[in-house]
Amino acid sequence: MDSPAFTPALGAVHQYSLFFLLLMLYSFLGWCGEMVYCSLGQRRLCEKRGFLNGPLCPIYGHGALLVLMTLGCEPPVWTFLIGAIQTSALEYLTSYLMEKLFHMRWWDYSRKRFNLNGRVCLLNSVLFGLACVLLCHVVNPLLIGYVHQLLHSGAGVPLALLLTVIYIVDIVFSVRSAIQIGSRLEKLHAIHDELAEKLERLKAEQQQALEAQKERVEEFVSAARQSVGEREAAQHIQARLDRLKEEQQRSRDAHRARLEAVKAEAQQRLQALYDKPDFFERRLLRSFPTMRSLRHGEALNKMREYLESRKG
């Protein structure tokens with residue numbers, strides 16, 4: 001990939017502008033390819049793809065630059081093989097780093113044949129290899145001239161700097177959204193755990209109350225039979241049992257009321273968290289429909305179900 005002609009004073013700026021414009025260009029083309037591929041698979045226009053909010057998939061842009069800088073004009077067979085390996089390694093590394101950073105598995109190929117830890121799969125590697133051949137031998141030779149012309153016209157550098165600002169802002173918003181999703185899942189998980197703990201404690205208290213009432217009945221029956229005659233004991237026992245039944249019913253009603261109050265409070269807190277995701281968070285969830293949380297998978301599923309019900 002030839003570098004454009006530039007003066008020594010502006011060399012670094014032109015060099016940066018060239019690489020950044022190519023990054024943006026191939027990130028955009030990669031996003032277009034991702035949208036077409038996913039839409040064909042779903043037989044409908046799929047949701048907006050990618051980690052960023054704009055129409056970019058930077059992993060494709062970085063993969064394209066990696067291939068262009070290392071392969072050059074290799075024969076198509078070598079371009080296919082080496083390009084497939086390089087881009088698959090990049091995808092694997094990106095998946096690993098994003099998982100460690102956000103504790104999320106953003107994509108998962110575990111259901112596809114010949115996959116490696118669900119991060120890369122043979123089908124995608126083959127498609128990446130073919131895309132590398134197309135990139136090196138067809139697309140880049142056509143587009144690089146237009147990028148050079150843009151730089152020589154004087155519009156390339158301002159455009160690159162403007163796109164840099166927009167790109168950084170988009171990254172900040174996207175990372176913020178990913179962090180907020182993780183924090184929201186943490187809170188949802190904590191509420192579910194707290195609710196389960198409270199329900200278990202109420203259940204134990206109710207069981208203890210029932211056992212205490214049972215002991216009281218047994219003690220009363222034994223005492224009544226020893227202190228009075230059989231007929232009087234039966235009358236006393238029946239009266240006492242009626243009172244104990246009333247107490248048990250009141251205890252059950254109170255227990256049920258406490259259960260409903262605990263559930264209502266938890267539901268109110270959950271509802272507040274479900275309703276809080278902003279546009280960027282919801283967009284990120286839609287862009288990665290197979291994304292799963294490594295820590296709070298159930299909470300993520302419940303939040304998705306709620307958002308889907310609201311959309312419907």
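- Note that the CG atom of Leu300 and the CE atom of Met104 stand 6.0 Å from one another [nearest 0.5 Å].
- Classified by interplanar angle (parallel below 30°, tilted 30° to 60°, perpendicular above 60°), the ring pair Phe280/Phe173 is tilted.
- If you chain together ILVMFWY residues whose side-chain heavy atoms come under 4.5 Å of each other, Val120 ends up grouped with Tyr92, Leu116.
- With His137 contributing its side chain and Glu74 its backbone, the two residues share a donor-acceptor pair below 3.5 Å.
- Every residue two or more places apart in sequence or in another chain that forms a side chain to side chain contact (heavy atoms under 4.5 Å, CB included) with Glu298 is listed here: Lys302.
- Using modelled atom types, one finds a donor on one side chain and an acceptor on the other under 3.5 Å when comparing Tyr26 with Asn140.
- Distance CH2/Trp106 to CD1/Ile59: 13.0 Å, rounded to 0.5 Å.
- In terms of modelled atom types and a separation under 3.5 Å, the side chain of Lys48 and the main chain of Gly54 share a donor-acceptor contact.
- Phe80 meets the ring-ring contact (aromatic ring centres under 6.0 Å, His included) test with no other residue; sequence neighbours excluded.
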Ser110 and Arg119: side-chain contact (heavy atoms from CB on, under 4.5 Å), yes or no, with the steps?
CA-CA 8 Å; Ser110 298; Arg119 302 184 191 278; over 6 Å; no
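- The side-chain heavy atoms of Met35 and Leu45, taken from C-beta on, include a pair separated by under 4.5 Å.
- Under a 3.5 Å cut-off, the side chain of Ser17 and the backbone N or O of Val13 do form a donor-acceptor pair.
- The shortest heavy-atom contact between Thr70 and Gln86 is OG1-NE2, 3.0 Å.
- Residues His189 and Arg295 form no side-chain contact, since every pair of their non-hydrogen atoms from C-beta on lies 4.5 Å or further apart.
- Of the possible polar contacts, one joining the Trp31 side chain to the Arg49 backbone as a donor-acceptor pair under 3.5 Å is found.
- Between the SG atom of Cys57 and the CZ atom of Phe28 there is a distance of 11.0 Å, given to the nearest 0.5 Å.
- Annotation: salt bridge (Lys or Arg N to Asp or Glu O under 4.0 Å) contacts involving residues 121-138, sequence neighbours excluded, are absent.
- Side-chain contact annotation: Asn124 with Ser88, donor-acceptor N/O pair under 3.5 Å absent.
- Remark: Ser293 engages no residue in a side-chain hydrogen bond (donor to acceptor under 3.5 Å, both in side chains) (not counting sequence neighbours).
- Taking the side chain as every heavy atom from C-beta outward, Thr87 and Tyr60 never approach each other to under 4.5 Å.
- Apart from Leu123 itself, the hydrophobic cluster it occupies contains Tyr37, Leu127, where clustering links Ile, Leu, Val, Met, Phe, Trp and Tyr at side-chain heavy-atom distances under 4.5 Å.
- Residues Phe20 and Gln15 form no side-chain contact, since every pair of their non-hydrogen atoms from C-beta on lies 4.5 Å or further apart.
- The closest side-chain donor-acceptor pair between Thr164 and Tyr16 falls under 3.5 angstrom.
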